[in-house]
Protein chains: 2
Amino acid sequence: MKLTTAEGYALRAMVFLAKRCQEGNAFSLSEIAEQEQLPLSFLEQIFIGLKKAKLVKSVRGAHGGYTLANQPKDINTLKVIEAVSGKSSMIDCNRDFCSAGNCAVAPFLTKLQLTIEKTLRDTTLADLTN
Amino acid sequence: MKLTTAEGYALRAMVFLAKRCQEGNAFSLSEIAEQEQLPLSFLEQIFIGLKKAKLVKSVRGAHGGYTLANQPKDINTLKVIEAVSGKSSMIDCNRDFCSAGNCAVAPFLTKLQLTIEKTLRDTTLADLTN
DNA sequence: TTAATTCCGAGGAAATGAGTCGGAATTAAC
DNA sequence: GTTAATTCCGACTCATTTCCTCGGAATTAA
C-alpha cells in the first residue's frame with residue numbers, strides 16, 4: 001500500500017507547476033526534470049496521462065511546455081494519481097466466492113478506500129504549495 | 001495503492017478464525033483453505049508471518065492447527081497487514097533531494113499514511129465478524 | 001508406525017514497476 | 001527552409017515484486 005514512483009513524480013511535478021504557473025506560462029519537461037531531478041523520458045509518459053486527464057495543457061514545438069489546466073485549488077491529488085495510474089480499487093478480487101457477498105473483508109476495504117479517496121480529494125495542489 | 005492478495009488472504013483467514021475460535025480451539029490450514037477457497041501452500045507462508053507476529057498460536061502435529069492468540073477485539077487489521085508485508089511506508093523515496101526536506105509532497109504523504117493506519121488500527125477482527 | 005499437520009528454504013512463473021529508445025509531429029527562431 | 005526544441009507515441013527492456021509451488025524436515029495424535 002504505497003504510492004508508485006510515477007504517482008509521486010506526478011505530484012511533485014504538478015506542485016512545481018502550481019508554484020510557478022501563476023499567469024498560465026508553460027514550463028518544458030526538461031526544465032521540470034532538471035529542477036526536480038526526475039528522469040525526463042519517464043516524465044514524458046507521465047505527462048501524457050496528465051494531459052489526457054485534462055489536468056495540464058500542452059504547448060507543442062520549440063519553447064513549448066506544459067501549464068496547469070486549472071487553478072491549483074481546483075486540482076486535487078486524487079485526480080493526479082488517477083490520471084497516472086487509472087482508477088484503482090483496493091479490492092481486485094473478482095472471484096465468485098467474494099463477489100457473491102461471502103467475503104467478510106470486502107465491505108471494510110471499500111470503506112477504507114473511500115476514506116483514502118476523500119483525503120486525497122480534499123487535498124488540492126494549493127494545499128501543497130505552502 | 002491496493003492490498004496485496006496475501007494481505008487479503010490473511011484478513012480473510014483471521015476473520016474465519018475470529019468467527020470460530022471462541023474457545024481457543026485450533027483449525028488446520030487445510031480446513032481454512034478449503035472453506036475460504038485459498039491456496040494451501042501459500043496460506044502456510046502467510047501463517048508463518050502471522051505466527052512470528054504473535055497474532056496466532058500454532059499446535060503442531062496431527063490434529064494441530066492455528067488459533068487466535070488474542071480476542072478478536074484485541075487484534076486490529078493493521079497488525080495483520082504488517083505481519084504479512086512488514087511495516088510499509090507510503091514514501092520509499094530516499095533521495096538526498098527529498099530527505100533534505102525539499103520535497104513538497106512528503107509531509108502530505110506521511111499525513112495520509114497516518115490516516116490510513118489509524119483507520120486500520122481502529123478496525124479489529126471483531127468489527128469484521130458481524 | 002502412520003497420517004496429519006506445522007515449519008522452513010528454495011525456487012519459479014507471471015505481473016508490475018520503472019524506466020529507455022527511436023522516431024514522428026509540431027513550432028519558434030534564425 | 002533549416003534547425004533546434006519540444007510534445008507525442010509505441011514498443012521495448014530490465015529489475016523487482018507477487019503469488020505462488022515444491023520438497024522435505026520436525027512434530028504429534030491415533
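Because the structure is a prediction, the values reported are computed rather than measured. Proteins get letters first, then strands, A, B, ... in listed order; numbering begins at 1 in each.
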Visitor: Over how many whole Å does the gap from B:K2 atom NZ to D:dT18 atom P extend?
Guide: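 In whole Å, D:dT18 P lies 12 Å from B:K2 NZ.
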Visitor: Counting distance alone, no hydrogens or angles: does the base of D:dT7 have a donor or acceptor under 3.5 Å from a partner atom on the side chain of A:R60?
Guide: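 Indeed, a donor on one side and an acceptor on the other fall under 3.5 Å apart.
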Visitor: How close or far is atom C1' of D:dC19 from atom CD of B:Q37, stated in whole angstroms?
Guide: 18 Å
Visitor: If pairs are Watson-Crick or G-U with both distances under 3.5 Å, what is the dot-bracket string of DNA chain D, marking crossing pairs with [ ] and pairs to another strand with |?
Guide: ||||||||||||||||||||||||||||||
Visitor: Figure out the OH/C1' separation between A:Y9 and C:dG19, and round it to whole Å.
Guide: 9 Å
Visitor: Would you say CD of B:E31 has more than 12 non-hydrogen atoms from neighbouring residues, nucleotides or ligands within 6.0 angstrom?
Guide: yes
Visitor: Taking B:E34's backbone N and O only, do any of them form a donor-acceptor pair with B:Q37's side chain (distance below 3.5 Å, no angle check)?
Guide: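 It does not hold such a pair.
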Visitor: Indicate the atoms forming the closest heavy-atom contact of A:N76 with A:R121, along with that distance.
Guide: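 The answer is CB-O, 3.2 Å.
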Visitor: How close or far is atom P of D:dT6 from atom CG of A:L29, stated in whole angstroms?
Guide: 9 Å
Visitor: Map A:G61 and A:A6 onto DNA chain C by nearest heavy atom, then report which one ends up closer to the 5' terminus.
Guide: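 Nearer the 5' end of the strand: A:A6.
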Visitor: Using atom types as modelled, flag every donor-acceptor pair under 3.5 Å from a side chain in residues 41-63 of chain A to any protein atom, sequence neighbours excluded.
Guide:
residue, atom, partner, partner atom, Å
A:K51, NZ, A:S58, OG, 3.2

Visitor: Going by heavy atoms in the side chains, are B:L17 and B:F27 under 4.5 Å from each other?
Guide: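 With C-beta onward as the side chain, the pair touches.
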Visitor: Counting side-chain heavy atoms from CB outward, which of C:dC7, D:dT6, D:dA5 is closest to A:A62?
Guide: D:dA5
Visitor: Among D:dA29, D:dT7, C:dG19, find the nucleotide with the atom closest to the side chain of A:P39.
Guide: C:dG19
Visitor: Which atoms form the tightest heavy-atom contact between B:P107 and B:T110, and what is the distance?
Guide: O-OG1, 2.8 Å
Visitor: Could you report the tightest heavy-atom contact between A:L40 and A:S30, atom names first, then the distance?
Guide: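 Taking every non-hydrogen atom into account, CD1-N, 3.8 Å.
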Visitor: Under 4.0 Å, heavy atom to any atom of DNA chain C: which of residues 40-57 of chain A qualify?
Guide: A:S41, A:F42, A:Q45
Visitor: With a 4.0 Å cutoff (strictly under), does any side-chain N or O of A:S30 reach OP1 or OP2 of D:dT6?
Guide: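 So the side-chain polar atoms of A:S30 do come within 4.0 Å of the phosphate oxygens OP1 or OP2 of D:dT6, strictly under.
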Visitor: Within the pair A:T5 and C:dG19, is there a side-chain N or O less than 4.0 Å away from OP1 or OP2?
Guide: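 Indeed, a polar side-chain atom of A:T5 lies that close.
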Visitor: Of the listed nucleotides (D:dC8, D:dT6, D:dT27), which one gets closest to any side-chain atom of A:S58?
Guide: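 Nearest to the side chain of A:S58 among the choices is D:dC8.
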Visitor: Rounded to the Å, how far apart are A:F27 CZ and D:dA5 C1'?
Guide: 17 Å
Visitor: Are the side chain of B:S28 and the backbone N or O of B:G65 linked by a donor-acceptor pair below 3.5 Å?
Guide: no
Visitor: Of the candidate nucleotides C:dA28, C:dT5, C:dG19, which contains the atom at the shortest distance from the side chain of A:H63?
Guide: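 For the A:H63 side chain, the nearest candidate turns out to be C:dA28.
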Visitor: Could you tell me how far apart B:Y66 (OH) and C:dT5 (P) are, to the nearest whole angstrom?
Guide: 12 Å
Visitor: What is the minimum heavy-atom distance between B:S85 and B:E7, and which atoms define it?
Guide: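 What the structure gives for the nearest pair is OG-OE2, 2.5 Å.
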